[in-house]
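When a ligand or atom number is given, it counts from 1 through the structure's own listing order.
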Amino acid sequence: MNGAQALIGTLAGSGVDVCFSNPGTSEMHFVASLDTVPQLRGVLCLFEGVATGAADGYGRMTGRPAATLLHLGPGLANGLANLHNARRAGTPLVNVVGEHATYHKRFDAPLESDIDSLARPVSHWIRRTARAADAAADAAEAVAAALGPPGGVATLVLPADVSWSGDAEPAPPVPPRGPSLVPDAVIGEAASALRGGASVILLGGAALRRPGLEAASRIAAATGARLLGETFPARLERGAGLPGLERLAYLAEFAQAQLAGTRQLILAGARAPVSFFAYPGLPSSLVPAGVQVHTLARPGEDVCGALAALAERVAPQARPRPQPEQRPALPGGGLTAETVAAVIGALLPEGAIVSDEANTSGLSLPAATAGAPPHDWLTLTGGAIGQGLPVATGAAVACPDRSVLALDSDGSAMYTIQALWTQAREGLDVTTVIFSNRRYAILDLELQRVGAVAGGDAARSLLDLSRPDLDFAALARGMGVPAARAASAGEFADALRRALAEPGPHLIEALLSQAG
Ligand SMILES: Cc1ncc(C[n+]2csc(CCOP(=O)(O)OP(=O)(O)O)c2C)c(N)n1
């Protein structure tokens with residue numbers, strides 16, 4: 001067996017069953033080996049940012065890493081923004097980067113670059129495989145490193161001659177570690193903090209799945225503590241029958257209002273809240289002065305176990321408070337961000353997975369969908385736009401029996417629009433809704449918030465997506481995805497119903513009649 005065959009066999013044996021790929025010459029032996037290991041499905045992505053974002057979506061939904069296959073430093077660089085989002089999400093991901101043959105590097109051929117320096121900021125584990133005989137063991141370790149906990153991006157740099165040299169064999173999986181248990185004393189401290197009153201429990205990471213939410217809801221019911229979710233969760237389970245959860249607002253002023261009056265802030269899998277950006281004269285930390293911060297569980301610790309133990313201590317009799325089933329009525333009239341949200345709330349299928357990159361057009365979505373049947377909500381964890389369509393693609397590969405909705409604003413969608421082609425090629429059940437406001441609307445707002453001088457024409461033109469107007473329906477059709485345009489709430493509801501009823505990918509361009 002050559003190194004590539006041993007590596008792929010090991011990945012498959014360690015539970016990696018998909019590789020989102022954009023290969024080049026140095027990866028040809030990896031590509032050839034896919035035919036000898038059918039358990040590893042190669043999925044072609046036409047831009048590396050699609051591959052890395054899809055691997056992120058896959059990992060968020062399965063808890064297992066997908067692999068990527070990227071072409072040397074430039075291929076990796078194209079995929080970095082979504083690796084950054086994956087890192088912030090704590091997603092397990094095995095990032096395979098092809099490299100020149102070991103003896104070829106010193107010739108400084110055109111694609112020669114410093115792969116390790118590009119990979120380091122997004123990777124919590126990096127290895128450069130030196131010999132074919134090491135390829136399998138390195139792959140097994142990469143999977144274990146990706147799984148953590150906490151999960152993260154494990155980058156394996158694979159020289160071409162390591163791939164093509166012989167004398168290798170697959171390695172057994174490295175057993176995964178469980179999360180570290182939270183000591184009893186820490187749970188005791190949180191229990192005392194709750195007795196101090198005016199408490200907020202800020203939930204993040206694994207606490208946003210049903211067991212964590214239900215334990216937290218019991219604690220809230222018994223102690224009067226308020227629950228908040230982190231602003232940009234990797235994966236939030238929500239909908240009717242689950243405890244409802246308000247998320248901390250993106251805008252610092254709103255987040256400050258949500259936290260006003262708090263005396264005890266208990267972090268359960270979430271980081272202490274900070275402002276997304278610095279603004280002249282405003283604080284970076286969103287923890288109000290005088291608030292005591294207690295860490296119940298850090299990322300990588302067993303936050304659900306800690307919340308369950310805390311609930312047993314302070315709320316032994318309490319029951320979780322489920323969100324009642326309640327959908328908005330189908331609206332009529334014009335198409336605005338609000339009417340789109342109401343239609344989505346009215347029609348969201350049970351078990352849907354929503355990849356939310358709607359930005360300013362998404363403000364009404366949480367309320368409109370709160371009482372819809374249970375579903376998962378995936379958000380822009382690292383603030384690097386261009387994540388929504390790739391994450392939806394990976395989620396659909398991970399969960400072929402569930403409907404996936406990508407709710408994307410027009411500016412963000414254009415970064416990685418090629419994801420549509422992969423959805424068509426793989427027959428993925430993804431409905432993409434484009435909120436077409438033809439602006440970088442949030443930057444209009446930020447222009448004022450940072451105190452920049454009110455924009456003139458030159459400034460405005462950098463935030464304006466018209467001239468020419470994008471035609472997303474035509475772009476989608478050009479990549480094999482059936483598409484419709486909707487200009488009224490009724491047209492949008494009809495198009496969404498049809499898209500959800502038919503298998504395979506669809507795109508609906510929502511032509512918003514007013515910005516925002
Ligand atoms: C990778 C990356 N590049 C640039 C930005 C800066 N940025 C933040 S929001 C935004 C525009 C968003 O426009 P759109 O997706 O249409 O949403 P809208 O603001 O109109 O709701 C840009 C360019 C970013 N966050 N990430």
Under 3.5 Å, N/O to N/O: give me all the pairs between ligand 1 and the protein, one per line with atom names and distance.
from     : atom 1 : to     : atom 2 : distance (Å)
ligand 1 : 3 (N)  : Tyr415 : OH     : 3.4
ligand 1 : 15 (O) : Asn359 : ND2    : 3.1
ligand 1 : 15 (O) : Ser409 : OG     : 2.7
ligand 1 : 15 (O) : Ser412 : N      : 2.8
ligand 1 : 15 (O) : Ser412 : OG     : 2.6
ligand 1 : 16 (O) : Asp410 : OD1    : 2.9
ligand 1 : 16 (O) : Gly411 : N      : 2.8
ligand 1 : 16 (O) : Arg439 : O      : 3.1
ligand 1 : 17 (O) : Asn359 : ND2    : 3.4
ligand 1 : 17 (O) : Ser409 : OG     : 3.1
ligand 1 : 19 (O) : Ala441 : N      : 3.1
ligand 1 : 19 (O) : Ile442 : N      : 2.7
ligand 1 : 20 (O) : Asn437 : OD1    : 3.4
ligand 1 : 20 (O) : Asn437 : ND2    : 3.0
ligand 1 : 20 (O) : Arg439 : O      : 2.8
ligand 1 : 20 (O) : Ala441 : N      : 2.9
ligand 1 : 21 (O) : Thr360 : N      : 2.9
ligand 1 : 21 (O) : Thr360 : OG1    : 2.4
ligand 1 : 25 (N) : Gly383 : O      : 2.9
ligand 1 : 26 (N) : Ile385 : N      : 3.2

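Contact detail for Ala268 and Ala207: the closest heavy-atom pair is O-CB, 3.7 Å.
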Evaluate Ser461 against Arg467 for side chain to side chain donor-acceptor pair (under 3.5 Å), listing each step before the verdict. CA-CA 10 Å; Ser461 87; Arg467 297 178 289 120; 4.9 Å; no

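Side-chain contact, Thr379 with Arg247: no donor N or O sits under 3.5 Å from an acceptor N or O. Side chains of Asn95 and Thr68: a donor on one and an acceptor on the other come within 3.5 Å. Under 3.5 Å, the side chains of Asn359 and Tyr250 contain no donor-acceptor pair of N or O atoms.
Under 4.0 Å is where a charged nitrogen must lie from a carboxylate oxygen, and between Arg402 and Asp376 at least one such pair does.
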